[in-house]
Amino acid sequence: MAEVLVYVDHVDGAVRKPTLELLTLARRIGEPVAVALGNGAADTAATLAEHGAVKVLTHDASEYADYLVVPKVDALQAAHEVVSAGGSLAAVLVPSSAEGKEIAARLALRLGSGIITDAVDLEAGDEGPVATQSVFAASFTTKSRVIKGTPVITVKPNSAAVEAAPAAGAVEALSVTFSDQATGTKVTGRTPRESTGRPELTEAAIVVSGGRGVNGAENFSIIEALADQLGAAVGASRAAVDAGWYPHTNQVGQTGKSVSPQLYIANGISGAIQHRAGMQTSKTIVAVNKDAEAPIFELVDFGVVGDLFEVVPQLTEEIKSRKG
């Protein structure tokens, strides 16, 4: 069976959920070979093996932390050469983050291969892996495959359920020679992100968002209270962000972040195409809006026509009482 390279997104050895989703998808088209780089790379092996990695290629060097993107591209290229020399390679899978897409694009260019970004599903095909994408602001669903070189595919978080599938997970050291470009962009400083205790927006299974109808930064506490009861991330529409009510890092939409949770709850959001582009692939969508004609209701699975200041606190209390 062909092998599939999976780029591992981890923090000091703690594997992030999108990588585990990639391993689930990789098993559909071949045998997953994980590539873990940087500090704590070897510590990822047990988790990766538990989720289907037959092999884990590791390499640690200061370049991965000190410089942007290119050292990781060099390492993936080296992994591609190693795996290709030993047999057939079905694809290279990378999480669809901002960094992940840049890594994938640079790698595809070096390999002379085609690239597919923001896939939401992956299946085996007679002529190679077939990726499903939501395109044109999620108005259409397409199926695509790469016809030149090794397919390089980035996959959006929450595109697949994480499934345990114990495998060998044999750890092998990867030999990497960094290119001259590897040290071109140096990291000069880091500021730790302030923890809210909530899930990462793009990885969360549930997202609760607020829009113009929240009517002020102080009122986002209502949205946060519901999110905390559900163990959800908090999102915001562009209107709310532009008004200064919530940070840009939490913006959902075409110029913000794309999310694809199991449940998306939109509160006081009209449903402009810019916002819909960032959340239309959510599995279940619920909207609360006092305007019965709001475009968001064309999209939802469940809609509540009502004042969010009445509906959302009631919902929060109901969830809290059921949990208690």
Side-chain angles (χ1 to χ4, degrees), residues 1-9 17-35 48-57 73 75-97 100-170 172 258 260 280-283:
M1 182 180 288
E3 293 181 311
V4 182
L5 280 182
V6 175
Y7 173 73
V8 178
D9 184 6
K17 182 170 170 276
T19 296
L20 304 182
E21 296 170 6
L22 289 188
L23 290 171
T24 298
L25 293 172
R27 295 198 304 274
R28 298 179 186 176
I29 59 175
E31 294 184 329
V33 176
V35 182
L48 298 171
E50 181 184 345
H51 291 84
V54 296
K55 191 184 303 178
V56 180
L57 304 179
V73 180
L76 273 179
Q77 184 177 14
H80 180 276
E81 293 171 358
V82 169
V83 175
S84 296
S88 59
L89 184 57
V92 180
L93 304 185
V94 182
S96 210
S97 61
K101 283 188 276 193
E102 183 173 357
I103 291 171
R106 288 173 177 265
L107 179 65
L109 184 62
R110 289 191 187 187
L111 300 179
S113 298
I115 182 173
I116 295 173
T117 59
D118 290 335
V120 296
D121 199 7
L122 197 61
E123 59 190 282
D126 294 336
E127 299 179 73
V130 177
T132 300
Q133 295 165 285
S134 293
V135 298
F136 297 115
S139 300
F140 297 90
T141 298
T142 66
K143 289 186 179 292
S144 312
R145 67 178 179 85
V146 170
I147 60 174
K148 181 181 180 182
T150 302
V152 180
I153 303 171
T154 74
V155 181
K156 293 179 71 172
N158 292 310
S159 294
V162 174
E163 299 173 1
E172 295 184 11
S258 293
S260 187
Q280 274 196 167
T281 55
S282 304
K283 307 304 183 292

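Only this structure's heavy atoms are used, side chains among them; waters, hydrogens and symmetry mates stay out.
- A donor-acceptor pair under 3.5 Å is absent between the side-chain atoms of E3 and the main chain of E31, judged by distance alone.
- Taken to the nearest 0.5 Å, the CG atom of L22 stands 11.0 Å off from the CG atom of L48.
- Scanning all heavy atoms of the two residues, the minimum distance from T141 to S134 falls at OG1-OG, 4.4 Å.
- Residues V54 and V33 have side chains in contact (heavy-atom distance under 4.5 Å, counting atoms from C-beta outward).
- Between atom OG1 of residue T281 and atom NZ of residue K156 there is a gap of 4.0 Å, rounded to the nearest 0.5 Å.
- The shortest distance between side-chain heavy atoms of T142 and T132 does not fall below 4.5 Å.
- Taking 4.5 Å as the limit, some side-chain heavy atom of P129 sits within range of a side-chain heavy atom of P151.
- Annotation: side chain of Q280 is not in contact with side chain of S260 (no heavy-atom distance under 4.5 Å).
- Contact check for L122 versus V130: no side-chain heavy atoms found under the 4.5 Å cut-off.
- Counting only heavy atoms from C-beta outward, the side chains of K143 and E123 approach each other to under 4.5 Å.
- Side-chain atoms of Y7 and L93, non-hydrogen and from C-beta on, never get closer than 4.5 Å to each other.
- Here the straight-line distance linking atom NZ of K17 with atom NE2 of H51 works out to 10.5 Å at 0.5 Å rounding.
- At a threshold of 4.0 Å, the pair R27-E163 counts as salt-bridged, since one of the basic side-chain nitrogens sits closer than that to a carboxylate oxygen.
- Under a 4.0 Å N-O distance rule, the pair R28/D121 qualifies as a salt bridge.
- A donor-acceptor contact closer than 3.5 angstrom is absent between the side chains of K101 and T154.
- Proximity of E172 to V56: side-chain heavy atoms (C-beta onward) are nowhere separated by under 4.5 Å.
- When atom types are taken as modelled, the side chain of T19 and the backbone of V8 share no donor-acceptor pair closer than 3.5 angstrom.
- Taking all atoms of both residues into account, the shortest heavy-atom contact from S159 to A119 is OG-O, 3.6 Å.
- Under a 3.5 Å cut-off, the side chain of S113 and the backbone N or O of T150 do form a donor-acceptor pair.
- Applying side-chain contact (heavy atoms from CB on, under 4.5 Å) to V6 and the options L20, L23, V155 leaves one that passes, L23.
- Rounding to the nearest 0.5 angstrom, the gap separating the CD atom in E81 from the CG atom in L111 is 8.5 Å.
- Separating the CG atom in L76 from the CG atom in L5 is a distance of 7.0 Å, to the nearest 0.5 Å.
- Of the inter-residue distances, the one linking S144 atom OG with Q133 atom CD reads 4.5 Å to the nearest 0.5 angstrom.
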